[in-house]
Amino acid sequence: MSKKENLRLSSILIRWYEENKRDLPWRDTVDPYIIWISEVILQQTRVDQGLSYFNRFIQRFPAVRDLAEAGEDDVLKLWQGLGYYSRARNLQAAARMIMDEFNGIFPAGYKDVLSLKGVGEYTAAAIVSFSYDQPYAVVDGNVYRVLSRIFAIDTPVDTSKGKKLFSELAQSLLDDARPGLHNQAIMEFGALQCVPVSPDCGNCSASFMCMAYAGRNVGAYPVKEGKQKIRDRYFNYFDIRYGEYMYLHKRTGRDIWQNLYELPLLETEKELSHDDLGGNKGLGNFFEKDKSLFIKHVRNIKHVLSHQVIYASFFQVEINEALTDDKYLRIRVEDAGQYPVSRLVHKYLDEL
DNA sequence: AAGCCGGGGCG
DNA sequence: CGCCCAGGCTT
């Protein structure tokens with residue numbers, strides 16, 4: 001493709017963008033901090049889902065220093081329900097990097113931005129192109145979809161070969177005179193016009209040059225290779241009540257929901273049978289054997305993640321002397337809402 | 001290169 | 001129920 005042809009595609013996308021773009025708060029600024037927050041929130045997340053989180057986040061942490069100086073629980077609490085919580089933890093780690101290594105000034109060089117924790121090639125390109133109009137092409141899910149269709153590329157996007165191919169293609173198509181606008185345009189075009197399922201190609205200003213449309217197989221793109229395996233897990237949560245108190249536990253280790261809180265948990269290989277509930281396989285993990293306890297099964301919740309299905313059972317247990325194990329945090333029941341928790345635990349707490 | 005990390009919306 | 005989404009980190 002000639003440079004002239006490349007610019008033709010870019011100008012078509014930009015023209016479409018100027019007529020169809022949504023009015024979004026992070027488009028009113030070139031402040032790299034604001035752009036950064038919005039981009040991280042939007043990783044693997046739809047605008048509709050992330051918008052209210054963005055507004056609350058910026059209100060609570062208007063500048064890098066506010067985020068760097070906050071407690072992690074506060075940051076996670078604001079992130080609660082959005083998923084992929086490493087984004088929130090990395091966001092704060094990066095804010096502290098900016099304070100310590102960049103004198104509190106958001107870096108402007110692509111390499112420096114890329115060095116920030118939680119910032120990969122996509123996000124770095126987005127930040128420097130939107131904030132400083134530097135010529136780095138973004139490659140996200142939208143770009144894969146738009147380019148694979150227009151050029152009918154059947155190289156799987158989820159391979160290193162595909163990533164390389166698409167990032168080189170995207171870079172060659174970039175309008176160096178207005179990279180920020182170009183990047184916004186191609187992503188918005190993917191989000192609104194060149195949508196994943198049943199795009200309205202009859203009403204598309206780029207369909208005349210779309211090779212997938214010409215081949216009548218737009219739905220076949222983008223090609224993806226892998227589908228991930230899904231694991232079943234069985235979580236037994238114990239809502240242990242001691243008067244006006246209940247207990248929480250902070251998740252650590254390399255697993256889901258790192259640094260979020262939850263009820264005391266017993267994970268089992270299979271569904272916990274009624275017979276095993278009181279014994280060593282069940283409550284014996286929390287209390288002395290043969291202790292007589294009042295246990296009530298409250299509810300079951302099936303919680304689906306992208307890579308796991310969690311079958312959760314919730315039990316309430318009344319005790320009359322405090323738990324001694326200090327890995328459990330004793331809190332007032334009424335304060336439970338102050339702690340960052342997963343959607344699953346929130347579903348339970350919310351309906352008490 | 002492959003696996004892991006959330007949650008919601010859609011047909 | 002399966003698929004997708006303004007990806008990045010770890011191994």
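Since the structure is predicted, the reported quantities are computational estimates derived from the model, not experimental observations. Below, read A as the first sequence line, B as the second, and so on, with proteins coming before strands; counting in each chain starts at 1.
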Answer yes or no: is there an ion pair linking Arg15(A) with Glu19(A), defined by an N-O contact shorter than 4.0 Å?
no

Between Leu114(A) and Arg27(A), the residue closer to the 5' end of DNA chain C by nearest nucleotide is Arg27(A)

Does dG8(C) have OP1 or OP2 sitting under 4.0 Å from an N or O in the side chain of Thr123(A)? yes

Between Arg46(A) and Glu121(A), whichever has its closest DNA chain C nucleotide further toward 5' is Arg46(A)

Taking any heavy-atom pair under 4.0 Å as a contact, classify Gly81(A): base, sugar-phosphate, or nothing.
sugar-phosphate

From CD of Gln80(A) across to P of dG6(B) the rounded distance in Å is 13 Å

Using atom P of each nucleotide, how far apart are dG8(C) and dG8(B) to the nearest Å? 22 Å

Those residues at least two apart in sequence (or on a different chain) that pass ring-ring contact (aromatic ring centres under 6.0 Å, His included) with Phe102(A) are none

note: Leu344(A), atom CG; dG7(B), atom P; distance rounded to Å ~ 8 Å

request  = Check every strand shown and say whether Ser38(A) touches a base, only sugar-phosphate, or nothing at a heavy-atom separation below 4.0 Å.
outcome  = nothing

Please check the phosphate of dC5(B) (OP1 and OP2 only) for any side-chain N or O of His307(A) closer than 4.0 Å.
-> yes

Original post:
Think Arg56(A) forms a cation-pi with Tyr53(A), using NZ or CZ under 6.0 Å from the six-ring centre and within 45 degrees of its axis?
Top reply: yes

Against the side chain of Asp255(A), the closest entry in dA6(C), dC5(B), dC9(C) is dC5(B)

If you look at every strand shown and take non-hydrogen atoms under 4.0 Å, does Val143(A) touch a base, only sugar-phosphate, or nothing? nothing

At less than 4.0 Å, is any side-chain N or O atom of His303(A) found next to OP1 or OP2 of dG7(B)? Yes or no. yes

So, is Gln308(A) close to the dG6(B) phosphate, meaning a side-chain N or O under 4.0 Å from OP1 or OP2?
-> no

Taken to the nearest whole Å, CG/Leu91(A) to C1'/dG7(C) is 14 Å

Centre of Tyr245(A)'s six-membered ring, under 6.0 Å away, within 45 degrees of the axis: is that where NZ or CZ of Arg330(A) sits? yes

>> It should be established whether Tyr144(A) places a side-chain nitrogen or oxygen under 4.0 Å from OP1 or OP2 of nucleotide dA6(C).
In response: no

Separation of dG7(C) atom C1' from Asn183(A) atom CG, nearest Å, is 16 Å

Practice task
Give Trp79(A) one of three labels, base, sugar-phosphate or nothing, depending on what nucleic acid heavy atoms sit under 4.0 Å from its own.
Solution key: nothing

- [ ] Using a heavy-atom cut-off of under 4.0 Å over every strand shown, decide if Asp140(A) touches base, sugar-phosphate, or nothing.
- [x] sugar-phosphate

Residue pair Ser198(A)/Lys347(A) against DNA chain B: nearer the 5' end by closest nucleotide is Lys347(A)

At under 4.0 Å, does any side-chain N or O of Lys117(A) touch on OP1 or OP2 of dG7(C)?
no

Short side-chain N/O contact to dG6(B) OP1/OP2 from Arg87(A), under 4.0 Å: no

Pair Glu271(A), Tyr311(A): side-chain N/O donor-acceptor within cut-off below 3.5 Å = no

* **C1'-based separation of dC5(B) from dC5(C) [nearest Å]** => 15 Å

Considering only heavy side-chain atoms of Pro196(A), the closest of dG6(B), dC4(C), dA6(C) is dC4(C)

- Distance-only side-chain donor-acceptor flag, Tyr136(A) / Glu121(A), under 3.5 Å: no

Quick note, Lys302(A) side chain, CB onward, closest among dC4(C), dC5(B), dC1(C) is dC1(C)

Here the distance between atom P of dG8(B) and atom CD of Gln44(A), to the nearest Å, is 15 Å

Exercise for review: Looking at every strand, decide which applies to Ser306(A) at a 4.0 Å heavy-atom threshold: base, sugar-phosphate, or nothing.
Suggested key: base

Among dC5(B), dG8(B), dA6(C), the one nearest any side-chain atom of Ile256(A) is dC5(B)

Ile41(A) atom CD1 is separated from dG7(B) atom C1', nearest whole Å, by 14 Å

Ranking dA6(C), dG7(C), dG7(B) by distance to the side chain of Trp257(A), first place goes to dG7(B)

note: Ile230(A), atom CD1; dC3(C), atom P; distance rounded to Å ~ 9 Å

Measuring only the C1' atom in each nucleotide, how far is dG6(B) from dC4(C)? A whole number of Å is fine. 14 Å

Of the listed dG7(C), dA6(C), dG8(B), the closest approach to the Gln43(A) side chain comes from dG7(C)

Contacts of Asp158(A) and Arg89(A) projected onto DNA chain B by closest heavy atom; the upstream (5') one is Asp158(A)

Counting only N and O atoms by type, is there a donor-acceptor contact under 3.5 Å from the side chain of Ser207(A) to the main-chain atoms of Ser205(A)? no

Requested in this report: Would you kindly say whether Ser38(A) and Arg27(A) are connected by a side-chain donor-acceptor distance under 3.5 Å?
Outcome: no

Of the listed dC9(C), dA6(C), dC5(B), the closest approach to the Tyr122(A) side chain comes from dA6(C)

Rounded to whole Å, CG of Leu305(A) lies from P of dG3(B) at a distance of 18 Å

So does Arg254(A) get a side-chain nitrogen or oxygen closer than 4.0 Å to the phosphate oxygens (OP1/OP2) of dC5(B)?
no

